[in-house]
Amino acid sequence: MSASHLFRLIATLLLLSVAHSSFAETVLVAVASNFTKPMSEIAAAFERETGHTAKLSFGSSGKIVSQLENGAPFEIFLSADDEKPLKLEQAGLTVPGSRFTYALGTLVLWSAKPGYVDEQGQILAKGGFSHLALADPKLAPYGAAAMEVIQNKGLTERLQPLLVRGENISQAYQFVGTGNAELGFVALSQVIKDSKIGAGSGWIVPASSHTPIRQDAVLMKTGEENPAAPALLAFLKAAPAKAIIEKYGYGLAH
């Protein structure tokens with residue numbers, strides 16, 4: 001290749017790089033805590049694929065909704081349920097037709113101790129523990145699902161004094177991971193590795209034991225004019241993101 005051809009090639013690559021970066025935008029995304037690991041991985045893949053950046057904030061779905069209702073500038077909301085995005089839609093805060101289910105959540109009764117939680121979750125009835133962690137049922141859908149499991153087993157009265165409530169599912173996981181609670185209800189995505197529970201012991205709660213955890217995403221009106229926002233929602237529906245979602249133990253809506 002001659003020097004002049006090489007120069008033109010380098011100049012073209014530089015121009016393409018400048019053009020790519022000039023169209024790159026940042027989208028502000030509020031994400032339910034249970035989806036921390038997969039969304040971090042999806043955001044990195046999204047940036048590689050499109051050049052756009054997703055800035056992520058994590059918390060309980062209940063708190064995020066309150067923030068959005070009070071003017072928080074998030075442009076996309078990934079909830080841990082389908083009720084809160086619907087509530088925002090009914091309040092006129094979202095772009096009509098943008099809401100969809102991006103994942104079906106799985107609940108796990110988990111302990112950091114190997115061999116502590118049996119594969120049928122019978123330890124809940126047997127007892128012998130002092131603290132049972134879960135996310136606050138009033139704020140976090142995974143906490144509400146955990147309470148539903150306890151109620152369906154007829155153990156509410158017995159276990160109520162032992163419950164330790166985290167503000168969100170990440171805090172519930174922290175209680176168990178640090179040993180401050182012997183066991184607790186967490187999201188499968190927090191403990192899964194190579195398609196199984198990676199450490200400690202756990203019972204993957206059957207989906208029939210509680211109301212399905214349908215996790216919905218929605219585009220807020222604050223993100224309507226930001227090209228990175230609909231691009232991220234489209235990416236969530238694409239095969240690379242779906243593969244990441246399934247890797248962390250979630251189901252996909254059909």
Side-chain angles (χ1 to χ4, degrees), residues 30-44 56-64 66-67 78-81 103 105-151 153 155-156 158-206 209-210 213 215 244-245 247-250:
V31 186
S33 293
N34 75 85
F35 208 60
T36 298
K37 287 183 180 178
M39 192 57 203
S40 298
E41 199 168 321
I42 288 169
L56 310 178
S57 295
F58 302 100
S60 70
S61 296
K63 275 210 162 183
I64 292 172
S66 178
Q67 291 169 351
L78 270 62
S79 181
D81 66 2
T106 302
L107 189 68
V108 177
L109 179 66
W110 179 71
S111 173
K113 302 176 186 175
Y116 192 79
V117 175
D118 59 279
E119 293 184 353
Q120 301 298 320
Q122 294 176 353
I123 189 172
L124 283 176
K126 288 180 180 175
F129 50 88
S130 302
H131 299 99
L132 173 62
L134 74 169
D136 188 340
K138 294 179 181 175
L139 296 174
Y142 279 77
M147 282 307 301
E148 204 175 334
V149 173
I150 291 171
Q151 288 162 5
K153 286 182 171 292
L155 298 171
T156 305
R158 191 196 306 181
L159 296 180
Q160 192 73 39
L162 310 181
L163 299 182
V164 181
R165 295 174 178 80
E167 184 178 276
N168 52 52
I169 198 79
S170 294
Q171 198 169 43
Y173 172 78
Q174 192 177 29
F175 288 152
V176 185
T178 57
N180 287 315
E182 296 97 322
L183 71 170
F185 286 97
V186 301
L188 178 58
S189 60
Q190 295 173 298
V191 297
I192 194 170
K193 186 176 181 181
D194 298 331
S195 303
K196 59 184 180 182
I197 294 174
S201 53
W203 168 51
I204 298 176
V205 180
S209 300
H210 56 79
I213 304 173
Q215 302 195 194
I244 294 170
I245 291 169
K247 185 179 81 173
Y248 283 95
Y250 293 93

How far apart are the closest heavy atoms of [X] and [Y], and which atoms are they?
X    : Y    : result
A187 : V108 : C-CG2, 4.5 Å
G121 : L109 : CA-CD2, 4.4 Å
G177 : W110 : N-CZ3, 4.0 Å
Y116 : L183 : CE2-CD2, 4.3 Å
T36  : S170 : OG1-OG, 4.4 Å
S60  : E167 : CB-O, 3.5 Å

(message) Would H210 and I213 count as a side chain to side chain contact (heavy atoms under 4.5 Å, CB included) here? Give the steps.
(response) CA-CA 8 Å; H210 56 79; I213 304 173; 3.7 Å; yes
Close side-chain approach of [X] to [Y], heavy-atom, < 4.5 Å:
X    : Y    : value
D136 : N168 : no
S111 : W203 : no
V164 : L134 : no
R165 : Q171 : no
V186 : V191 : yes
F185 : V205 : yes
N34  : Q190 : no
M39  : L56  : yes

[X] side-chain N/O to [Y] backbone N/O, donor-acceptor pair under 3.5 Å:
X    : Y    : result
S57  : A30  : no
S33  : G59  : yes
R158 : A125 : yes
S201 : K113 : yes
D118 : I123 : yes
T178 : Q174 : yes

(request) Name all residues meeting the ring pair (Phe, Tyr, Trp, His ring centres under 6.0 Å) criterion together with F35; count only those two or more places apart in sequence or in a different chain, and write none if there are none. (result)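 So F35 forms a ring pair (Phe, Tyr, Trp, His ring centres under 6.0 Å) with Y102, Y250.
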First locate atom [atom1] of [X], then atom [atom2] of [Y], and finally report the distance between them rounded to the nearest 0.5 Å.
X    : Y    : atom1 : atom2 : value
H131 : L162 : NE2   : CG    : 8.0 Å
L159 : L124 : CG    : CG    : 6.0 Å
Y142 : S61  : OH    : OG    : 9.5 Å
I42  : K37  : CD1   : NZ    : 14.0 Å
K247 : I192 : NZ    : CD1   : 10.0 Å
E182 : L132 : CD    : CG    : 9.0 Å

(request) Evaluate side chain to side chain contact (heavy atoms under 4.5 Å, CB included) for T106 paired with I204, printing each intermediate quantity in order. (result) CA-CA 7 Å; T106 302; I204 298 176; 3.7 Å; yes
(request) Count the heavy atoms of every other residue, nucleotide or ligand shown that sit under 6.0 Å from NZ of K63, and state whether that count exceeds 12. (result)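 Counting neighbours around NZ of K63, 12 or fewer heavy atoms of other residues, nucleotides or ligands fall under 6.0 Å, so no.
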(request) Walk me through it: do Q160 and I150 pass the test side chain to side chain contact (heavy atoms under 4.5 Å, CB included)? (result) CA-CA 9 Å; Q160 192 73 39; I150 291 171; over 6 Å; no
